[in-house]
Structure formats: structure tokens, C-alpha cells
Amino acid sequence: MEKFTTHTGVAAPLRRSNVDTDQIIPAEYLKRVTRSGFEDGLFAAWRGDPDFVLNHPAFAGASVLVAGPDFGTGSSREHAVWALQNYGFRAVVAPRFGDIFRGNSGKSGLLTAQVEEKTVIAIWDLLDTAPGTEVTLDLLERTVSAGVGLAQVRDSFDIDDYTRWRLLEGLDDVAITLSHADDIDTYEATRPSYKPATL
Amino acid sequence: MGRTLAEKVWDEHVVRRADGEPDLLYIDLHLIHEVTSPQAFDGLRLSGRPVRRADLTIATEDHNIPTTDLDKPIADLVSRTQVETLRRNCEEFGVRLHPMGDIDQGIVHIIGPQLGLTQPGMTVVCGDSHTSTHGAFGALAFGIGTSEVEHVLATQTVPQTKPKTMVVTVVGDLRDGTSAKDLVLTLIAQETTGGGQGYIVEYRGDAISALSMEARMTICNMSIEWGAKAGLIAPDEKTFDFLHGREHAPRGVDWDAAVEHWRSLATDDDAAFDKEVVLDAAAVEPFVTWGTNPGQGAPLSADVPSPEDFAEPNQRVAAQRALEYMGLTAGTPLRDIAVDTVFLGSCTNGRIEDLRTAAALIEGRRVAGSTRMLVVPGSVRVRLQAEQEGLDVIFKQAGAEWRGAGCSMCLGMNPDQLAPGERCASTSNRNFEGRQGKGGRTHLVSPEVAVATGVLGHLAAPSDLATV
């Protein structure tokens with residue numbers, strides 16, 4: 001996994017709540033067996049609309065998505081994270097995330113910065129006034145900032161300590177767990193005999 | 001202080017606990033399907049890791065397979081490749097697979113309980129958010145992403161931060177014509193799609209105890225739709241009766257030992273939950289969704305709401321967008337909404353009991369001329385059982401289509417999809433924009449409401465059929 005310390009990039013405002021993973025990538029795009037190439041399915045139902053935010057020239061090349069509450073609810077499809085990453089997003093800022101989506105993001109290296117709703121609204125307003133404004137996410141300091149002077153928006157964001165550490169170090173979860181293989185062996189020796197087996 | 005059911009199951013599965021780290025939980029059962037596993041197996045190959053416990057892993061084909069022409073190869077080449085990839089992966093890594101054509105093939109969340117693999121006190125995961133279904137047995141069951149699928153394949157564990165606990169106490173009795181589906185849709189509308197976020201939810205109370213195992217699965221299945229990590233119900237005699245004698249249920253002295261342990265899992269009297277929600281089952285009416293998330297629902301007797309009815313700005317905007325997408329006008333009685341398609345099936349309502357209920361209601365009646373109805377059993381065994389009972393004949397005589405087993409139109413990944421603008425009453429779990437096909441419009445309903453709607457051609461309650 002690629003390390004994440006700080007990132008500065010053009011932010012796109014997605015003024016919607018409850019953007020579920022079916023919106024992020026519809027099921028018809030989930031048939032691929034690779035981890036790449038999912039950018040064509042990102043927000044597929046909305047991309048055809050010329051007024052959709054990602055079709056706006058000022059937000060071309062956006063790498064930070066700023067969305068309303070309950071972003072990534074619904075299906076467990078990690079393809080939603082890959083689609084965002086394949087498109088070029090490094091981070092999503094929102095007041096609340098779907099649980100599984102947020103977990104998946106942490107595993108794949110997409111930063112999900114949880115902020116208060118008023119911060120999202122302030123960034124949206126800033127991006128409306130000055131489309132193309134860059135937003136900086138500093139994972140060391142856990143801060144999100146955008147704009148300058150009086151128009152500046154700056155706030156801290158929430159992310160759990162463990163995910164933050166893994167993102168900062170770019171660590172592979174499986175390798176961490178396998179370093180505790182002895183604990184797994186010990187646990188397995190205590191499992192009751194009545195537990196079912198599939199083979 | 002005592003512990004809750006969820007805490008007991010959690011504690012029993014902690015392999016490693018350290019400050020500043022999530023708990024490392026042992027996984028008793030890992031369910032696999034074709035859509036969320038290929039990249040996980042690729043990861044194993046890349047790192048040269050085996051599947052640690054193939055004997056605690058089981059795979060089936062469900063999400064991406066057709067429900068017609070079952071004797072022919074899958075027509076969509078990309079879908080076929082995905083299914084064949086699962087077959088190759090299972091063979092290479094020694095994982096048991098129930099492919100199309102196998103008698104135990106079906107939706108992952110139907111076959112686990114059916115085989116008796118889902119048991120109280122277990123941890124169950126699957127790369128599918130409706131894994132919460134298995135919570136009906138008092139198991140801690142939750143959906144995971146593909147990275148976690150790889151993690152479980154490689155280590156049989158998954159790191160998890162312990163969620164808070166919530167109890168939903170459902171008092172009173174459900175009235176005739178209402179079911180577990182109406183109950184859970186009512187709950188989600190009340191609590192909204194984010195209301196359960198950060199919690200493992202235990203459902204209890206007289207109304208829950210009165211439910212069959214199948215109805216309990218419907219309730220737990222929808223836990224994710226209000227954001228909960230998992231939903232579970234304490235095991236009781238109904239749970240034990242359901243399991244006893246099933247292929248993978250314990251036998252003899254093992255059965256006795258297991259039941260003794262399962263009884264000890266119930267939430268202690270002095271245990272505390274972080275939150276409690278109380279719901280009156282007697283007040284539940286046949287319920288439908290009108291919007292594009294499962295929290296946007298109302299009793300069938302109501303009218304389509306107006307965005308102005310919502311105080312919270314986000315909900316108001318979401319309602320406005322939903323009405324536009326759904327092609328609905330505020331103030332229209334929900335019963336006046338004409339429906340093109342009825343879908344009966346899915347891991348929410350594709351079990352034999354659902355089919356029996358629906359068949360009893362549709363027997364001697366006809367699906368309205370302007371409406372099509374698809375009946376998709378949740379598994380091959382459900383299908384065969386239904387055929388043995390003659391339910392397929394009842395559905396076909398009523399004008400419904402009788403299909404092969406799978407996820408089908410619940411997620412519109414196979415050819416069973418809605419056309420743009422097509423309106424569907426669906427017994428599935430999600431009414432998201434485009435969920436059942438691009439531009440398709442979904443109203444979530446119970447099997448009873450689905451049948452009444454199919455017969456009358458507009459959203460309807462079972463009681464509306466009295467005169468038909």
C-alpha cells in the first residue's frame with residue numbers, strides 16, 4: 001500500500017448525502033477480476049450529465065472529493081474504493097461514512113477524513129466561489145485546509161489511530177497479522193470440537 | 001457487570017488484544033462468492049500465501065449468474081470469466097464450492113443456515129454487506145471488503161475495532177398482514193440509514209421471540225441498511241430446532257455441549273447497552289419505501305411525502321432528489337402508484353417461508369396484465385422444496401415467472417434488470433438509484449405486499465386483496 005502523509009490537490013464538491021456504493025460504482029461494473037480499470041464505472045449514472053461536478057473543467061484532475069453525510073453506505077464492494085482511486089482520488093472528506101466503505105478505504109490507501117458537517121459546507125461554499133481551489137489533507141496533523149486569508153477553511157479531521165498509523169507507514173495488514181501467527185495457533189488449539197467445518 | 005450477547009461472542013473470538021490496536025478476531029466461517037473474491041485470491045498468489053483454513057471456508061456462485069437457461073454457458077463473457085475465475089481459485093486453493101447446477105448452490109446467506117454451517121456464537125464474515133443475516137442465529141456476522149477477504153483467507157482472522165452496543169426492543173405483536181419486513185422497514189425509516197452506525201444491534205422483545213428463524217433472518221439481514229455493523233438475536237428453542245439434524249449441525253454429545261454453551265450466550269440481566277430503541281410491533285403497518293434509500297419509507301396508507309415534511313436540510317434535499325428520480329409527486333397516495341414489475345426473492349426474502357406466504361396469497365389470483373412478476377428462490381434447495389410443495393405451479397398459474405436460484409434482480413448484475421423508468425415492488429433490501437438496473441425505480445416491500453401489488457398492479461396491502 002502506498003504511504004499517505006500529506007496530500008494537496010484540486011477538490012471536487014459532491015453536494016449529496018447518502019452517496020451509496022451503488023452510486024459510486026454500479027453492479028454491472030463489478031464483473032472484472034482485476035483491481036484496476038474501475039474508473040470508467042465511477043459515478044457511472046451521473047457522469048453522462050454535462051452538469052455533473054466531475055465534468056466541470058475546473059474540477060478536472062480532482063484528487064479530493066468533498067461529500068455530504070453517509071458517503072459510501074450500502075454494499076461492501078471494495079470496487080467503490082478502487083474506482084475512486086483509479087480515477088485519481090486520494091482522499092474523501094465527509095461528515096460520516098458507511099462503515100464497510102471506510103474500512104475498505106483504510107485497507108487500500110484512500111484517506112477518509114471525517115469532519116463536522118459545517119466544515120464540509122464551508123469547503124463546498126469555498127469551491128463554489130473559487131472552483132479549482134486545492135485542499136490539503138495532513139494526516140500527521142489530522143487537518144484539512146483550503147483557501148487563503150479570510151476565506152480559509154481549516155479544521156481537524158477524525159480518523160482512528162490505527163488506520164492513521166497504517167496509512168502513514170503504508171503497511172500491509174496481512175503481514176502485520178502474520179507476525180502474530182503464534183497467537184492464532186494458540187487460539188485455534190482452544191476452539192471447541194463442535195464448531196462446524198466445511199471440508 | 002454482565003455482558004451482552006454481542007460482547008460475549010466478541011470476547012470469545014479475540015485472538016490478540018493490545019493497546020492502540022483493533023482486536024484481532026478469529027473467524028469461524030468465511031463465505032465466498034464470485035464478485036468480491038477474485039482480487040483477494042490474486043493477492044494470495046502474489047504473496048505466495050495459502051488459504052489458512054480452507055475447512056472453515058465455503059464458496060458459491062450467486063451474484064452474477066443468470067436465472068434462466070441454466071443448462072447453457074453464461075452468455076455474458078465477462079460474467080462467465082468471473083464465475084470461471086472463482087472455480088479455478090477454489091480448485092487451486094482447495095476451497096469447497098457449490099457452483100451453478102449443484103444442489104447446494106444458492107445465495108451465500110441462504111445456504112449457510114440451510115447447511116447448518118451458521119450456528120450460535122460463531123463469527124461469520126463474507127465479502128457482502130448482508131452477512132448480517134446470520135446474526136439471526138446469535139452469530140456475530142458482518143460484511144467485509146475484498147482486502148479483508150484476503151486477510152481472512154490468509155490468517156482466518158480480521159482486525160476489528162469493537163463497536164458500541166445497541167438494543168432494539170420490539171414490544172407487542174405484529175398484526176395480521178404485516179411481517180418482519182414491515183417491521184424492519186419501519187425501524188429504518190424511524191432511525192434513518194445512519195442510525196445504527198458504529199453499533200452492533202441486538203433485536204429482542206416479545207415480537208422478536210415470536211418470529212420464525214426465517215423472519216429473524218429478514219430482520220438481521222437489513223441491519224446494514226441502517227448502518228449497523230451487525231445485528232443479532234439471542235438463540236432460543238426455535239434456533240436449536242432449526243439447526244438440529246442439519247448437515248453441519250453438531251450431533252450427539254457435541255450437540256448437547258453446543259446447546260449448553262449457546263444457552264449461556266444470552267445477554268445478562270445486568271448488562272448495559274450504549275443505546276436502546278423501543279418499537280411497538282402492534283403499530284406497524286404494511287410499509288413501503290418511496291425514495292432512494294431504505295430509510296425513505298412510509299406506511300402504505302400514507303401519501304408520498306413532501307420534501308417540506310423534513311426538518312433536516314440534508315433529508316429535505318435527499319427527498320427532493322428522490323422524488324425526482326422516482327418520478328413521484330408529493331401528496332399522491334402510495335396505493336395509487338402503478339408498478340411494472342414485482343420481484344420476489346433475495347437474501348432478505350427468498351427463503352421457503354417467503355415463497356409459501358406469497359404462494360398462499362396469490363393462489364387463485366392473477367398477476368395484473370400490466371405487471372410482470374419474477375419469483376427467484378434463494379437457493380436450489382429452496383427451489384426444489386417449493387416445487388415439491390407445488391408452489392411453482394401456483395406462481396406460474398398466477399402468471400409469474402419461476403426462475404433459478406441467485407441474487408438476480410436484487411442488484412441487477414445478471415440479465416434480470418429493470419429498464420430505465422421501470423417501477424418495481426421488490427422484496428429485496430436496497431432501493432438505491434439504479435440498483436436494479438440503470439434508471440430503474442425500486443419500492444422495497446414485504447412478500448405479502450409484493451403479491452398484493454402484483455395482483456392489483458399498484459402498491460397494495462394484502463388486505464386489499466379481500467375483494468379480488
Side-chain angles (χ1 to χ4, degrees), chain A residues 15-18 20-23 26-28 30-35 44-45 68-70 73-79 81-82 96-101 103-104 106-108 117 160-162 165 172-178 180-181 183-184 186-188 191-199, chain B residues 15-16 20-22 24 26 28-29 35-36 38-39 47 54-58 64 78-79 81-82 85 96 116-117 119 122 127-129 143-148 150-151 154-157 159 161 193-194 197 227 229 248 250 254 257-258 293 314 317-318 411-413 430 432-435 438:
Chain A
R15 283 181 175 267
R16 296 176 197 235
S17 61
N18 270 297
D20 55 73
T21 51
D22 276 79
Q23 304 319 311
E28 60 178 296
L30 310 185
K31 296 174 183 176
R32 258 185 227 122
V33 295
T34 59
R35 264 185 195 252
D70 296 316
T73 53
S75 152
S76 68
R77 59 189 70 167
E78 198 160 316
H79 312 66
V81 175
W82 304 334
R96 192 162 61 185
F97 293 94
D99 239 10
I100 306 178
F101 173 82
N104 291 342
K107 309 284 179 196
S108 288
E117 194 163 352
D160 70 272
D161 293 342
Y162 188 73
W165 170 69
D172 165 12
D173 251 1
V174 179
I176 299 172
T177 297
L178 287 176
H180 306 305
D183 293 330
I184 305 175
T186 306
Y187 180 88
E188 282 180 334
R191 293 181 77 238
S193 61
Y194 56 74
K195 295 253 182 180
T198 57
L199 296 178
Chain B
V15 168
R16 178 188 147 84
E21 292 180 24
L24 190 62
Y26 198 81
D28 290 321
L29 179 65
V35 178
T36 57
Q39 297 86 355
S47 50
D55 63 331
L56 303 183
T57 311
I58 188 168
N64 188 10
V78 191
S79 294
T81 301
Q82 191 171 55
T85 302
R96 170 173 161 190
L117 282 167
Q119 297 173 16
M122 286 174 60
D128 186 276
S129 57
I144 57 178
T146 298
S147 293
E148 290 172 310
E150 181 182 341
H151 193 282
T155 70
Q156 204 56 33
T157 65
T161 304
T193 53
Q197 219 218 332
K229 175 79 188 173
H248 289 277
D254 271 352
N293 72 56
N314 272 314
V317 175
L411 83 163
M413 198 167 173
R430 289 192 173 130
F432 297 155
E433 287 182 27
R435 170 79 176 179
K438 192 174 182 181

Gly98(A) versus Gln197(B), closest heavy-atom pair with distance | C-NE2, 4.3 Å
Answer with side chain, backbone, both or neither: which region of Phe97(A) has an atom nearer than 4.5 Å to a non-hydrogen atom of chain B?
-> backbone
Rounded to the nearest 0.5 Å, how far apart are OG1 of Thr146(B) and CH2 of Trp82(A)?
-> 4.0 Å
Just wondering, do Thr177(A) and Arg16(B) contact through their side chains at under 4.5 Å, heavy atoms?
-> no
Interface residue of largest heavy-atom contact number with chain A, from Ile58(B), Asp28(B), Leu24(B), under 4.5 Å = Asp28(B)
Applying side-chain contact (heavy atoms from CB on, under 4.5 Å), run through Arg430(B) and Ser75(A) and close with a yes or a no.
-> CA-CA 9 Å; Arg430(B) 289 192 173 130; Ser75(A) 152; 3.5 Å; yes
Pick whichever of Lys195(A), Glu188(A), Arg35(A) has the most heavy-atom pairs under 4.5 Å with chain B.
-> Glu188(A)
Start with the C-alpha distance between Thr81(B) and Arg32(A), add both sets of side-chain angles, then the distance that settles side-chain contact (heavy atoms from CB on, under 4.5 Å), and finish with yes or no.
-> CA-CA 8 Å; Thr81(B) 301; Arg32(A) 258 185 227 122; over 6 Å; no
Taking it one step at a time, do Thr155(B) and Ile184(A) satisfy side-chain contact (heavy atoms from CB on, under 4.5 Å)?
-> CA-CA 8 Å; Thr155(B) 70; Ile184(A) 305 175; 4.2 Å; yes
Does any non-hydrogen side-chain atom of Ser193(A) lie less than 4.5 Å from one of Asp254(B)?
-> yes
Hey, is the main chain of Thr198(A) close enough, under 3.5 Å, to the side chain of Arg96(B) for a donor-acceptor pair?
-> yes
Nearest heavy-atom contact between Arg96(A) and Gly194(B) is NH2-CA, 3.7 Å
Is the closest side-chain heavy-atom distance between Val15(B) and His180(A) below 4.5 Å?
-> no
Side chain, backbone, both or neither of Val35(B) within contact of chain A (heavy atoms, under 4.5 Å) | both
For Tyr194(A), is it the side chain, the backbone, both, or neither that has a heavy atom closer than 4.5 Å to a heavy atom of chain B?
-> both
May I ask you to name which of Pro250(B), Ala258(B), Ala318(B), Pro38(B) has the most heavy-atom pairs under 4.5 Å with chain A?
-> Ala258(B)
Is His79(A) close to Gln39(B) at the side-chain level, that is, under 4.5 Å between some pair of heavy atoms?
-> yes
Any side-chain heavy-atom pair from Thr193(B) and Asn18(A) closer than 4.5 angstrom?
-> yes
Do the non-hydrogen side-chain atoms of Glu433(B) and Pro26(A) ever get within less than 4.5 Å of each other?
-> no
Given the rule in the side-chain contact (heavy atoms from CB on, under 4.5 Å) test, do Ser47(B) and Val174(A) qualify, once you have shown the distances and angles that lead to the verdict?
-> CA-CA 10 Å; Ser47(B) 50; Val174(A) 179; over 6 Å; no
Non-hydrogen atoms of chain B under 4.5 Å away: do they reach the side chain of Asp99(A), the backbone, both or neither?
-> both
Go through the atoms of Asp160(A) and report whether side chain, backbone, both or neither lie under 4.5 Å from a heavy atom of chain B.
-> neither
CD/Gln156(B) to OH/Tyr187(A) distance, rounded to the nearest 0.5 angstrom?
-> 10.5 Å
If one checks every heavy atom of Asp173(A) against chain B at 4.5 Å, the contacting part turns out to be both
Name the member of Thr85(B), Asn64(B), Thr36(B), Asn314(B) that forms the most heavy-atom pairs with chain A at distances under 4.5 Å.
-> Asn314(B)
Max heavy-atom pairs within cutoff under 4.5 Å with chain B, candidates Asp70(A), Leu30(A), Thr186(A), goes to Leu30(A)
Highest number of heavy-atom pairs under 4.5 Å with chain B: which of Asp172(A), Asp183(A), Asp20(A), Thr21(A)?
-> Asp20(A)
Which one, Gly74(A), Ala181(A), Ala44(A), Gly68(A), leads in non-hydrogen pairs under 4.5 Å with chain B?
-> Gly74(A)
Check: Ser129(B) and Arg77(A) side chains under 4.5 Å, non-hydrogen atoms = no
Report yes or no: do Asn104(A) and Ser147(B) form a side-chain donor-acceptor pair below 3.5 Å?
-> no
For chain A, find which of Thr57(B), Leu411(B), Val317(B) contributes the most heavy-atom pairs closer than 4.5 angstrom.
-> Thr57(B)
Tell me, side chain or backbone of Lys438(B) under 4.5 Å from chain A's heavy atoms, or both, or neither?
-> side chain
Identify the two heavy atoms, one from Gly20(B) and one from Tyr162(A), that lie closest to each other, and give their separation to 0.1 Å.
-> O-CD1, 3.8 Å
Backbone N or O of Gly143(B) within a donor-acceptor pair of the Ser76(A) side chain at under 3.5 Å?
-> no
Taking the side chain as every heavy atom from C-beta outward, state whether Met413(B) and Glu28(A) have any atom pair closer than 4.5 Å.
-> no
Which bit of Ile100(A) is near chain B, if near means a heavy-atom gap under 4.5 Å: side chain, backbone, both or neither?
-> side chain
Tell me, side chain or backbone of Thr157(B) under 4.5 Å from chain A's heavy atoms, or both, or neither?
-> side chain
Which answer fits Leu29(B), side chain, backbone, both or neither, if we ask what part of it has an atom under 4.5 Å from a heavy atom of chain A?
-> side chain
